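Worksheet: one structure, shown below.
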Amino acid sequence: MTIQNLVINGGFETGSLSPWVGVNAFVTGIFSHSGTFSAELIGGNTVSYISQTVQIAGGQGFEFLVSLAKAGSAPAGPVQIQVVFLDAAGSSLATGLFITIPSDRIPNAANKTWLEIYQTTPQAPANAAQAFILINTLPQAGSADVLVDDAALLQAGGGSGGATGATGATGAAGATGATGGTGVTGATGATGVTGATGVTGATGATGGTGVTGGTGVTGATGATGATGVTGATGVMGATGATGATGATGGTGATGGSPSLNRIYVTIQPANIVSVIDGSTNSIIATIPVGSNPRGVGTDALTNRVYVSNSLNNNVSIIDALSNTVIGTIPVGLNPNIIRVNQNTNTIYVANGNSSSVSVIDGLTNTLIATVPVGASPFGLGLNPVTNTVYASSFATNNVSVINGATNLVTATIAVGTNPVGVDVNPLLNRIYTANQGSNNVSVIDGGSNVVIATVPVGSAPADAAVSTSVNAVYVENRNSNNVSVISGNLNTVIATIPVGTNPNSAAANPVTNRVYVTNLTSQNLSVINSLTNTVIATVALPGNPAGVGIIQ
């Protein structure tokens, strides 16, 4: 029986992650379990991961192997490993594996010791065509980087298994009884009469052995043996970078690819979304959506973009790979801001005229809950680490705290006057609300739900965007035509950046150190370098930009 490893570049011996998708991860040559390289997932109070989608055949079980270690003497954070079975369209069918490795189980690679994980999945559904593999760390302050090497998803191959199947047929004949005696005779003739015994094995299959009997017939057929050789070639293809590698690369993009680096901007009154290439700052696609599109939410793991259509009271679902609308979901009245929790595949929509937040299941694209909040919710923030959603209420000057597991409001926090934009720094568990009426930003401690600072900014702040790479908050001031940059350490404004006219929304990309600001009246997009806090590009847009979102 041949064993085929479906994972490509599981030992990272190409010197790069590809076709793995990585966030806060890179390939290192300092440590390895075997060979020269391994993947290093950054530790500390952040989520790091690598993922890969591979092609599988349904109706089979698999074995998953991987070696783990840590870099340094500090304790590693917990590590989660998942294998999810998908159909050909990429929809989830079943979980094949979900384990958490405690931090005290992961040894120090400097001692030349690695933890070798060996797990067996249940049988995949018959219509499974792909398996999504995810290895991620969990946030833990001060934790060491985690090293990953020799990842493999193994399945049994074809041709050589035919010979083993012949032996299995003999066993089946034994179970039949009298024919079982014939099976013994076959074993006695082990040398030249094995072929004949194989035929007897087929008779055993008739006795009800089922799958085993079928394998016996395959063993008897010489041509099937040749197919077995082809199976071995399949292993070589998986290891290398030939046609099989190309296909897996495409599927990996479906699972989420940071290389997309696309910015999605809703345009009024044209009722479109402009798609901008983050590497060239040029428009590469235009997508028609509903009437008066507002907010944008993105999921890099599923390559989905969600756009709220405020006059249609629904949300358009966009496939980021094809840049086409693939569905529409009804929500509340006047939907605006959208946030997506990639960890739970859940979408949250603030309904300005319904005083509620709609909760959507990203797997089924159906509304699963409606959460009442304060009047006129015009802002949403989300902490994926604590699975908590924050909805700002413009009319009641407060923020509703929603438990993402129960979809219930657990607290209400008084903030400044007319709060609108909200964003969260999950590394610090800090929430920032732009208060348009009082020209300031409230800083909330997510652990205690208490306002710990109030930071004066420009006139009529409309939105806030957190860049975790520089620990700064970018606040768009509509009447000042500029952006206030707040230090997350000091809670004071450290820079003011002139932008276009009437800036009203923003999004930050911590991977590229870019912040994107939509300027409603001047009909353009300001691109800010968050390392220098300067505008490095201005992108002209075909109308009034409202919301902006990023797929990294």
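Not measured: the values here are computed from a predicted model.
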Q. To the nearest 0.5 Å, how far apart are CG in Asp299 and CG in Asn341?
A. 9.0 Å
Q: Applying side chain to side chain contact (heavy atoms under 4.5 Å, CB included), run through Ile413 and Val451 and close with a yes or a no.
A: CA-CA 8 Å; Ile413 308 167; Val451 174; 4.0 Å; yes
Q.
Looking only at side-chain N and O atoms, does Thr388 offer a donor or acceptor that is under 3.5 Å from a partner on Asn383?
A. no
Q) For the atom pair CG (Leu147) and OG (Ser67), what is the distance rounded to the nearest 0.5 Å? A) 11.0 Å
Q: Identify which one of Val441, Val473, Val455 satisfies the side chain to side chain contact (heavy atoms under 4.5 Å, CB included) criterion when paired with Asn491.
A: Val455
Q. Looking at side-chain heavy atoms only, is the closest gap between Pro78 and Gln140 below 4.5 Å?
A. yes
Q | Stepwise side chain to side chain contact (heavy atoms under 4.5 Å, CB included) check, Leu134 with Tyr49 | A | CA-CA 7 Å; Leu134 175 66; Tyr49 70 83; 3.7 Å; yes
Q.
Applying side chain to side chain contact (heavy atoms under 4.5 Å, CB included) to Ile50 and Leu17, what does each step give before you reach the verdict?
A. CA-CA 8 Å; Ile50 57 174; Leu17 284 176; 4.2 Å; yes
Q.
Within the 4.5 Å heavy-atom criterion, are Thr534 and Ile528 side-chain neighbours or not?
A. no
Q: Give the minimum heavy-atom separation between Asn365 and Gly362, together with the two atoms involved.
A: OD1-O, 3.5 Å
Q) Quick one: are Val66 and Val148 in side-chain contact, heavy atoms under 4.5 Å? A) yes
Q. Hey, does the side chain of Ser48 reach the backbone of Ile42 with a donor-acceptor pair shorter than 3.5 angstrom?
A. yes
Q: Report yes or no: does Asn509 contribute a side-chain atom to a donor-acceptor pair with the main-chain N or O of Arg514 at less than 3.5 Å?
A: no
Q: Over all heavy atoms of both residues, which pair between Asn533 and Ala495 is shortest? Give the atoms and the distance, please.
A: ND2-CB, 4.0 Å
(Q) Donor-acceptor pair, distance only, cut-off 3.5 Å: does the side chain of Gln130 make one with the backbone of Leu86? (A) no
Q: Quick one: list whatever passes side-chain contact (heavy atoms from CB on, under 4.5 Å) with Ala124, sequence neighbours left out.
A: Ile56, Phe62, Phe85, Ala128
Q | Spatial distance of atom CD (Gln82) from atom CD1 (Ile133) [nearest 0.5 Å] | A | 11.5 Å
**Q.** Heavy-atom check, side chain of Ile452 versus side chain of Val443, under 4.5 Å
**A.** yes
Q | Asn345 CG to Ile360 CD1 distance, which is reported to the nearest 0.5 Å | A | 11.0 Å
Q: For the pair Asn24 (side chain) and Val47 (backbone), establish whether a donor and an acceptor sit closer than 3.5 Å, ignoring hydrogens and angles.
A: yes
Q. What closest approach, in Å, do Ser143 and Ala76 show between heavy atoms, and which atom pair accounts for it?
A. CB-C, 4.0 Å
Q. Any side-chain heavy atom of Val79 within less than 4.5 Å of one from Ile135?
A. yes
Q: Quick one: do Gln80 and Ile99 satisfy side chain to side chain contact (heavy atoms under 4.5 Å, CB included)? Show the steps, please.
A: CA-CA 6 Å; Gln80 289 183 333; Ile99 61 172; over 6 Å; no
**Q.** Under 3.5 Å: donor-acceptor pair, side chain of Ser487, backbone of Leu490
**A.** yes
Q.
Taking the side chain as everything from C-beta on, heavy atoms only, tell me whether Val470 gets closer than 4.5 Å to Asn513.
A. yes
(Q) Testing the basics here: between Ala131 and Val83, what is the closest heavy-atom pair and its distance to 0.1 Å? (A) CB-CG1, 4.2 Å
Q. Within the side chain of Asn387, is there an N or O that forms a donor-acceptor pair under 3.5 Å with the backbone of Asn403?
A. no
Q) Got a donor-acceptor contact below 3.5 angstrom from the Asp423 side chain to the Gly381 backbone? A) no
**Q.** Non-hydrogen atoms of Val548 and Ala507 that approach each other most closely
**A.** CG1-N, 3.7 Å
Q. Counting distance only, does the side-chain N/O of Asn9 pair as donor-acceptor with the main-chain N or O of Ser18 below 3.5 Å?
A. yes
**Q.** ring pair (Phe, Tyr, Trp, His ring centres under 6.0 Å) involving Phe12 - partner list, sequence neighbours excluded
**A.** Trp20
Q: Quick one: closest heavy-atom pair of Asn5 and Ala151, and the distance?
A: ND2-O, 4.0 Å
**Q.** Polar side-chain atom of Ser469 near backbone of Ser467 as donor-acceptor pair, under 3.5 Å
**A.** no
Q. Is any side-chain N of the basic residue among Arg262 and Asp277 closer than 4.0 Å to the acidic one's carboxylate O?
A. no
Q) From Asp150 CG over to Glu13 CD, what is the distance, rounded to the nearest 0.5 angstrom? A) 8.0 Å
Q.
Working to the nearest 0.5 angstrom, can you tell me the gap between Ile347 CD1 and Tyr306 OH?
A. 3.5 Å
Q) Taking the side chain as C-beta and beyond, is there a heavy-atom pair between Thr28 and Phe37 under 4.5 Å? A) no
**Q.** Sidechain N-carboxylate O distance under 4.0 Å for Asp445, Arg430
**A.** yes
**Q.** Glu116 vs Leu65 side-chain heavy atoms within contact, under 4.5 Å
**A.** no
Q) Which pairs count as ring-ring contact (aromatic ring centres under 6.0 Å, His included) when at least one residue sits in residues 91-112, sequence neighbours excluded? A) none
Q.
Treating Thr298 as the side-chain partner and Ile550 as the backbone partner, does any N or O pair qualify as donor plus acceptor under 3.5 Å?
A. yes
